[in-house]
Amino acid sequence: MADGGRADHHRGACLGAARPRHRLRRWLDLRLRPCRRVVPGRDRADPDRAARGDTRASRAVAACRLPRGMGSGRCDAHRPRAGSSGQHRRQSVADPHAVPRRRCRPARCRLRRGRRARRPRSPHPTTVDDSPTPPAGGSSAMTVRCRIAPSPTGPLHIGNARTALYNYLYARRIGGTFVLRIEDTDAARSALEHERDILESLHWLGIEWDEGPEVAGLPARGPFGPYRQMERLPLYRETAERLLREDKAYHCYCTQEELAADRAAQELAREAPHYVGRCARLTAEERASKETQGRRPVVRFRVAEGIVAFDDVIRGHVEIDTTALGGDLVIVRSDGTPLYHFTVVVDDAAMQITDVIRGEDHLSNTPKHILLFRALGADEPRFSHLPLILNPDRTKVSKRKVQTAVSAYREQGFIQEALVNYLALLGWSSGTEEEIFTLDELVERFELERVHSGGAVFDRERLEWLNGQWIRRLAPEDFVERVRPFLARALEARAAAGDAVIEPDEGQLEALVPLIQERLPRLDAIGELIDFLFLTEVRPDPAQLVPKRWDRETAVTGLREARRVIAEVGAVSFEADELDSALRRLADVRGWKAGDLFTAIRVAVTARTAAPPLFDTLVALGYERTLERLDRAGELLEGLEA
RNA sequence: GCCCCCAUCGUCUAGAGGCCUAGGACGCCACCCUUUCAAGGUGGAGAUCAGGGGUUCGAAUCCCCUUGGGGGUACCA
């Protein structure tokens, strides 16, 4: 495969690669089949698919679209070329003690001009080297490496999905490497089930990682593994020991009670809560005495006093006084397990992450991380803090107020293209008036510098609109494939409710595609649109059988006459055009409004007032069933008379 | 409380001193199309650019203050 085909590489480029497909399939075990991408604005035929020629191949593609690095070596072709991304722009990060304390308050120090100066950008924005000092490591050229580090304490969250997407887009745009790391050090809340949901959801979205943990029985991929933090414990322990040895950290024996008392006292004194440093300078004897009391120490990192400054790609220059950070930071629990602020830095350093792109909720924590990077002697990455996704009341998005799990959107019939497109637009814009973008198109256009800095309310209405747009753009056979599970589920529900259900007929479904595809805001709306086709019997509401301008008697006559006319058309000529003219003629002769007659017929055969266009519906239903339903409806109305 | 970030139609956003009488999209309303429902088309309502001071011939845009919102401040991530 051509090395230069980067724009294409994360589409089905693994096609044909030999790989243990069945194993992947089993792991994925997706009730809803993963989808392929379509190209908007072009014809509905999926070129990949045309080349493939059958639907089975598409499943192979689904398997192939596992994250890069999870399959055969074939995907190595997609690895960024060494050196292609050029130099990594590094800002000089002042040593806290070297920075003169400015009189202006840090809040006012944000240099807007600095932000402006980032534009315009070259095609490879981060190759700009306006840094007055080279990176600490001395190497001037560095391949961009960024990561998403979800914590399996819940299913993949839309906020995390967006962060993952932005990291992915940034890495792909610039030819960098995108790493997936599982941050599972919160053993109490982490669950395998959630990790699985996260991986599946990322995969479903098409966000593929270059390096990450082993999945589906396939080994971890990438030179910096393992990629699960609980498997990296020795590294954290060694690093903590090193910091201890260098006196950059110390053992703290304070009990929860002592700390709570400190906090209470601080509150009373109207001080900011902070660690008082009781254990910061313990002698060996003091330590031994605490140990004999059976106290298990935590490890605290010494937070240096001073101002830590960094240049956030999205927010510009930020300065934070470390005295506001709450004092020395616990990096290892008393049970020996490491804490987030520690592991994130140890791993970012070890994995040579050059760009940390994460939610704004971490902005205030960044100085702690920077101090830790320095203590470790590691290069500081460039930071980009994304605006938060908000509830309608503008608080940080929460599952109480907004549906947050990506998998829940998927189950409701949102399609991957729409969710990706929507999430990309939540906080970023291309600067043009286009707004329908494929993942590949996003890769072409994405710039971190164009990310908005204010929080964005999650607007489900807009997502639904975008979903409809994307559903309409699907190739018909792709649409059928994607909607089928939703139809099956809807019919299962009807069967469970006691209705006699007919197995969906492929031909019927395909014939109706053009009619239903543009009527679905979500795939899960399929049931209410065409369930009548797959029920042996419908039960129309008698009131709805009588159009507004008609009385019951007219309705009875109308249904009978319609039955007669349709029977006259006959099974052989049972086509939309024939039905159309015959029924219009009937309305004309009787002096009825065609619409009234059609309404009565529609309700009679579908039991719904809203349905796909009537004549196509009748054809899909078939001659016999149409007549039968007209008869039943007529009888129903007549029965009411008696 | 303290620290940090943010601020343009209800919502997502465009906007980098004059192209702004502030553009687009969702949603809403009306009309057209139409057998229903959608989709689509056309048009409309909707933002004194949070408020106040500066700087400037000129400010949505630069600076300051105020207000409002959000986030952080754990042996959570």
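What you see below is based on every heavy atom in this structure, not just the backbone, and it leaves out hydrogens, waters and symmetry mates. Note on naming: letters A, B, ... go to the chains in the order of the sequence lines (proteins, then strands), and numbering restarts at 1 for each one.
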[N]: pairing nucleotide in any strand, Watson-Crick or G-U under 3.5 angstrom:
N	result
C2(B)	G72(B)
C19(B)	none
A50(B)	U66(B)

So does Pro547(A) get a backbone contact from the side chain of Asp596(A), meaning a donor-acceptor N/O pair under 3.5 Å?
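No: the side chain of Asp596(A) does not pair with the backbone of Pro547(A).
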Is there a donor-acceptor pair under 3.5 Å between the side chain of Arg584(A) and the backbone N or O of Leu579(A)?
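Not confirmed, Arg584(A) side chain does not pair with Leu579(A) backbone.
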Is the base of G71(B) touched by the side chain of Ser364(A) through a donor-acceptor pair closer than 3.5 angstrom?
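Check passes, donor-acceptor contact within cut-off.
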Between the base of C76(B) and the side chain of Arg189(A), is one N or O donor paired with an acceptor at under 3.5 angstrom?
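Checked by distance alone, the answer is yes.
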Taking atom [atom2] of [N] as reference, at what distance in whole Å does atom [atom1] of [X] sit?
X	N	atom1	atom2	value
Leu466(A)	U11(B)	CG	C1'	14 Å
Asp361(A)	A77(B)	CG	C1'	9 Å
Phe458(A)	G27(B)	CZ	C1'	15 Å
Asn391(A)	U11(B)	CG	C1'	14 Å
His274(A)	C3(B)	NE2	P	15 Å

Among the candidates [options], find the nucleotide nearest to the side-chain atoms of [X].
X	options	value
Ala456(A)	A38(B), C12(B), C75(B)	C12(B)
Ala272(A)	A25(B), C2(B), G71(B)	C2(B)
Val330(A)	A77(B), C75(B), G71(B)	C75(B)

Tyr236(A) side chain to Asp347(A) side chain, donor-acceptor N/O pair below 3.5 angstrom
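Yes.
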Using side-chain heavy atoms (C-beta onward) and a distance below 4.5 Å, is Ser581(A) in contact with Arg585(A)?
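A side-chain contact under 4.5 Å exists here.
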